Engineer: 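Before we start, here is the structure in question, set down as structure tokens.
Just so it is clear, the structure is predicted and the values come from calculations on it, not from any experiment. These numbers come from the heavy atoms of this one structure, side chains and all, not from hydrogens, waters or symmetry mates.
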Amino acid sequence: MILCGTLIFDRMRKINFIFILLPILGLSCQPTQSSNEATDGPFPYNILWIISDDLGIELGCYGNPLVHTPSIDQLATEGVLYENFFTVSPVCSPSRSAFITGLYPTQVQAHHHRTMNPQPLPDSIQILPAYFQEAGYFTFNQSGRDSLKAGKEDYNFQTDFQYDGTDWTQRQKGQPFFGQIQIYPPHRVFVADSIHPIPLDQVKLPPFYPDHPLARKDWALYLESVQAVDRKVRKIIERLKREGLYENTIIFFFGDHGRPHVWDKQFIYDGGIHAPLIIRHPAASDQTVSQELVSSVDLAPTTLLMANLKTPKYLSGQDFWQPEHEERPYIYAQRDRTGDAMDRSRTIRTKRYKYILNLMPEQPYIQLSSYKKGQYPVFSLLKVLHEKEQLTEAQALRMANRKPKIEFYDLVNDPYELNNLAYQANYAERIQTLSEIMDTCLVRYDSAYQTEPAQFTKAAKDASHQSFLNAMKSRGWPTDISDEALLKLWEAYLLK
């Protein structure tokens, strides 16, 4: 770990002391006004969410020595870096549905990736920006590619909510904003970085991936795409400073779920749900590292409380910023259909242990995923090497034809989740405890789970297959092709 600092609670006490002391000294505890923000009085902080697609914790400030991410690292030195931030889903549409509502995907029938029959939210539920809009904030959702274009939503529900615009410059003079900027990288297709290329011989692959030139190249391109994220963050921060908004804006930087690799995205192993979260608050711009567990479902209530707005009672998330907040003892995450890959899994994760309940154990880990077949070269590599019996035990583990009903991991001794302890007697008590928590979560958060009608499942599978066909045709590759032939095309394409 590159960053170090005091516990978050020490820092929050410092913030409280500042807020108490400022009025005594005759100073305002509101943010200072910038030259282009002239109003008749103090106004609330702006709040900006910067969201990166498919971003794992492969950042300099999270301890990765290969990536060049100076802007994100600098943001972390001015704010709180959360080491244990996890999303409630390992794929974008249910994950985004969760953090914009403060509810688990199953609570709003948003659990199947790219729901083909999205339903309106109940009348009693609003998405987060609606509360800010009602409070007088300017709300916007911006594409990281163009400030005049709307950013990614990808919600698995229907909503009538309309953002006020796509950029903070469109607001009224002095009006505070709640905005989102959606950064596409490191979502595939990866972006090569000629400025800071990643040396292939220095890439460190997880033990469940084969040490193969194609796997190294693919991982290096992912890291180079992370560097592209950093450059976009730099431009956002430079603009905030140039326009006099940096010291009046609370910044959240986070990934919508974990990294885009075969056993990560779409899976509830840590690689799929562990993402970075950095919060920079102008009133407390000193370095802190927090090890408390934070869930993406907590973002909505925390953001509302930062703006001194009332939080709806129906929210499933909890605040993690206020000084007297209660730390959550575990996070709960869900996985259902992702594209054409049918599955249903749930997990309870504490700081040390992870309990996974596979509700469809008959489904293989590496069942057909048209998206991964068309975009992930290691997907084909694993299948070919497995057929040739050239994988190590760790690499072959998830090539099995079915999954165990229960998985249980000691994450301190087994961070890659390879040694399933679910059936070892000396862990029985811990397993039973997490099993009981799982039962509680299933009742509390999964009671609204709906089996997807067959016609919509078929439509989702057809759409996924079409995306595969489009990807292959865009490269001039045949669509009816064996894994071995596809692997050779990937090698010629990436290792040239």
Side-chain angles (χ1 to χ4, degrees), residues 54 84-116 118-119 121 125 154-157 254-259 263-275 293-300 314-318 328-350 353-361 363 365 367 369 403-409 417 434-452 456-457 460:
D54 296 17
N84 290 309
F85 172 68
F86 296 90
T87 59
V88 301
S89 174
V91 68
C92 56
S93 64
S95 178
R96 288 173 174 271
S97 299
F99 63 62
I100 207 67
T101 61
L103 294 166
Y104 289 94
T106 46
Q107 293 181 285
V108 287
Q109 286 76 57
H111 42 289
H112 296 296
H113 178 45
R114 300 278 159 72
T115 299
M116 304 307 290
Q119 300 299 307
L121 293 172
I125 296 175
D154 217 3
Y155 309 145
N156 282 333
F157 52 78
F254 59 97
D256 68 346
H257 55 76
R259 61 197 178 207
W263 301 129
D264 300 322
K265 182 176 180 178
Q266 300 185 356
F267 286 92
I268 51 179
Y269 297 114
D270 274 10
I273 60 174
H274 195 186
L293 289 168
V294 175
S295 170
S296 59
V297 79
D298 301 332
L299 292 172
Y314 65 75
L315 296 183
S316 293
Q318 63 187 57
R328 61 166 55 249
Y330 61 86
I331 62 99
Y332 177 61
Q334 310 172 320
R335 180 257 166 97
D336 289 290
R337 178 184 59 73
T338 57
D340 49 3
M342 303 299 297
D343 216 333
R344 188 181 177 204
S345 300
R346 302 291 183 264
T347 188
I348 300 292
R349 190 199 193 280
T350 68
Y353 298 105
K354 176 180 277 188
Y355 178 98
I356 296 176
L357 174 64
N358 291 312
L359 295 162
M360 298 177 70
Q363 293 285 25
Y365 293 103
Q367 62 177 296
S369 169
K403 301 183 292 292
K405 179 77 172 178
I406 303 296
E407 297 175 63
F408 183 79
Y409 300 104
E417 299 166 85
L434 295 190
S435 174
E436 291 172 0
I437 294 173
M438 175 67 76
D439 290 343
T440 299
C441 287
L442 289 172
V443 171
R444 182 178 299 167
Y445 305 126
D446 265 60
S447 58
Y449 175 86
Q450 292 187 352
T451 301
E452 191 174 41
F456 296 119
T457 299

Engineer: Write down the atom of Gly339, the atom of Ala460, and the distance for their closest heavy-atom approach.
Structural biologist: O-CB, 4.1 Å
Engineer: Work out which heavy atom in Tyr449 is nearest to a heavy atom in His112; give both atom names and the distance.
Structural biologist: OH-CE1, 4.0 Å
Engineer: Using side chain to side chain contact (heavy atoms under 4.5 Å, CB included) as the criterion, point out the one residue from Thr106, Val108, Thr101 that pairs with Tyr104.
Structural biologist: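 In the set Thr106, Val108, Thr101, the residue that makes a side chain to side chain contact (heavy atoms under 4.5 Å, CB included) with Tyr104 is Thr106.
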Engineer: At what distance, to the nearest 0.5 angstrom, does OG of Ser89 lie from CD1 of Ile273?
Structural biologist: 9.5 Å
Engineer: Check whether any side-chain heavy atom of Asn156 sits under 4.5 Å from a side-chain heavy atom of Pro118, and report yes or no.
Structural biologist: no
Engineer: Which class fits the ring pair Tyr365 and Trp263: parallel under 30°, tilted 30 to 60°, perpendicular over 60°?
Structural biologist: perpendicular
Engineer: Is there a donor-acceptor pair under 3.5 Å between the side chain of Ser296 and the backbone N or O of Val88?
Structural biologist: yes
Engineer: Whether the side chain of Asp298 engages the backbone of Gln318 through a donor-acceptor N/O pair (distance < 3.5 Å, no angle test) should be reported.
Structural biologist: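 Pair found, side chain donor or acceptor close to backbone of Gln318.
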Engineer: I'd like to know if the side chain of Asp54 reaches the main chain of Asp256, judged simply by a donor and an acceptor atom lying under 3.5 Å from each other, with no hydrogens or angles considered.
Structural biologist: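 Not confirmed, Asp54 side chain does not pair with Asp256 backbone.
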Engineer: Indicate yes or no: at least one non-hydrogen side-chain atom of Phe85 is less than 4.5 angstrom from one of Thr87.
Structural biologist: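 Yes, at least one pair of side-chain atoms sits under 4.5 Å.
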Engineer: Just verifying a value: how many Å separate Ile356 CD1 and Ile268 CD1, rounded to the nearest 0.5 Å?
Structural biologist: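 Here the interatomic distance stands at 5.0 Å.
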Engineer: Indicate yes or no: at least one non-hydrogen side-chain atom of Tyr330 is less than 4.5 angstrom from one of Tyr355.
Structural biologist: no
Engineer: Ignoring hydrogens and angles, tell me if any N or O in the side chain of Gln109 forms a donor-acceptor pair with the backbone of Ala448 under 3.5 Å.
Structural biologist: yes
Engineer: With Asp154, which residues qualify under salt bridge (charged side-chain N to carboxylate O under 4.0 Å, His left out), at least two apart?
Structural biologist: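 If we apply the salt bridge (charged side-chain N to carboxylate O under 4.0 Å, His left out) test to Asp154, skipping adjacent residues, the hits are Arg114, Lys152.
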Engineer: With heavy-atom distances below 4.5 Å as the criterion, would you say the side chains of Cys441 and Ile348 are in contact?
Structural biologist: yes
Engineer: Quick one, Leu293 and Arg349 - any side-chain contact, counting heavy atoms below 4.5 Å?
Structural biologist: yes
Engineer: When you measure from the side chain of Asp343 to the backbone of Thr338, do you find a donor-acceptor pair of N or O atoms at a distance under 3.5 Å?
Structural biologist: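 Side chain of Asp343 to backbone of Thr338, a donor-acceptor pair under 3.5 Å: no, none is there.
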Engineer: Check Tyr445 against Gln334 and note the closest heavy-atom contact, atom names and distance.
Structural biologist: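 The pair with the smallest heavy-atom distance is O-NE2, 4.3 Å.
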Engineer: Whether the side chain of Ser295 engages the backbone of Ile331 through a donor-acceptor N/O pair (distance < 3.5 Å, no angle test) should be reported.
Structural biologist: no
Engineer: Quick check: do Val297 and Arg328 have side-chain heavy atoms less than 4.5 Å from each other?
Structural biologist: yes
Engineer: In sequence, state the C-alpha distance, the side-chain angles, and the governing distance for Ile406 and Leu357, and then conclude on side-chain contact (heavy atoms from CB on, under 4.5 Å).
Structural biologist: CA-CA 5 Å; Ile406 303 296; Leu357 174 64; 3.5 Å; yes
Engineer: Do Glu407 and Tyr269 come close enough that some side-chain heavy atom pair is under 4.5 Å?
Structural biologist: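 When only atoms from C-beta onward are counted, Tyr269 and Glu407 do touch, with a gap below 4.5 Å.
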Engineer: Report yes or no: does Thr115 contribute a side-chain atom to a donor-acceptor pair with the main-chain N or O of His111 at less than 3.5 Å?
Structural biologist: no
Engineer: Is there a side-chain contact between His257 and Cys92, using heavy atoms and a 4.5 Å cut-off?
Structural biologist: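 Counting from C-beta outward, His257 and Cys92 do come under 4.5 Å.
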Engineer: Please identify which of these residues, Arg335, Lys265, Arg259, meets the side chain to side chain contact (heavy atoms under 4.5 Å, CB included) condition with Pro90.
Structural biologist: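 With Pro90 as partner, Arg335, Lys265, Arg259 yield a single side chain to side chain contact (heavy atoms under 4.5 Å, CB included), made by Arg335.
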Engineer: So how far is it from Met342 CE to Gln367 CD, rounded to the nearest 0.5 Å?
Structural biologist: 8.0 Å
Engineer: Looking at every heavy atom in both Lys403 and Met360, which two are closest together, and how far apart are they?
Structural biologist: NZ-O, 3.3 Å
Engineer: Check whether the side chains of His113 and Ser93 place a donor and an acceptor atom closer than 3.5 Å, and report yes or no.
Structural biologist: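 His113 vs Ser93: donor-acceptor pair found between side chains.
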Engineer: Determine whether a donor-acceptor pair (N or O, by modelled atom type, separation under 3.5 Å) exists between the side chain of Thr347 and the backbone of Ala333.
Structural biologist: no
Engineer: Between Asp336 and Arg346, does any side-chain N to carboxylate O distance fall below 4.0 Å?
Structural biologist: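 Answer for the salt bridge query: yes.
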Engineer: Without swapping roles, check the side chain of Lys405 against the backbone of Pro361 for a donor-acceptor pair under 3.5 Å.
Structural biologist: no
Engineer: Looking only at heavy atoms, which two atoms of Pro105 and Ala98 are closest? And how far apart?
Structural biologist: CD-CB, 4.0 Å
Engineer: If we count only N and O atoms by modelled type, under 3.5 Å, do the side chains of Tyr332 and Asp446 hold a donor and an acceptor together?
Structural biologist: yes
Engineer: Keeping Glu417 on the side-chain end and Asp270 on the backbone end, is there a donor-acceptor pair under 3.5 Å?
Structural biologist: yes
Engineer: Find the distance between CD (Gln107) and CG (Leu121) and round it off to the nearest 0.5 Å.
Structural biologist: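 Interatomic distance, Gln107 CD to Leu121 CG, rounded to 0.5 Å: 11.5 Å.
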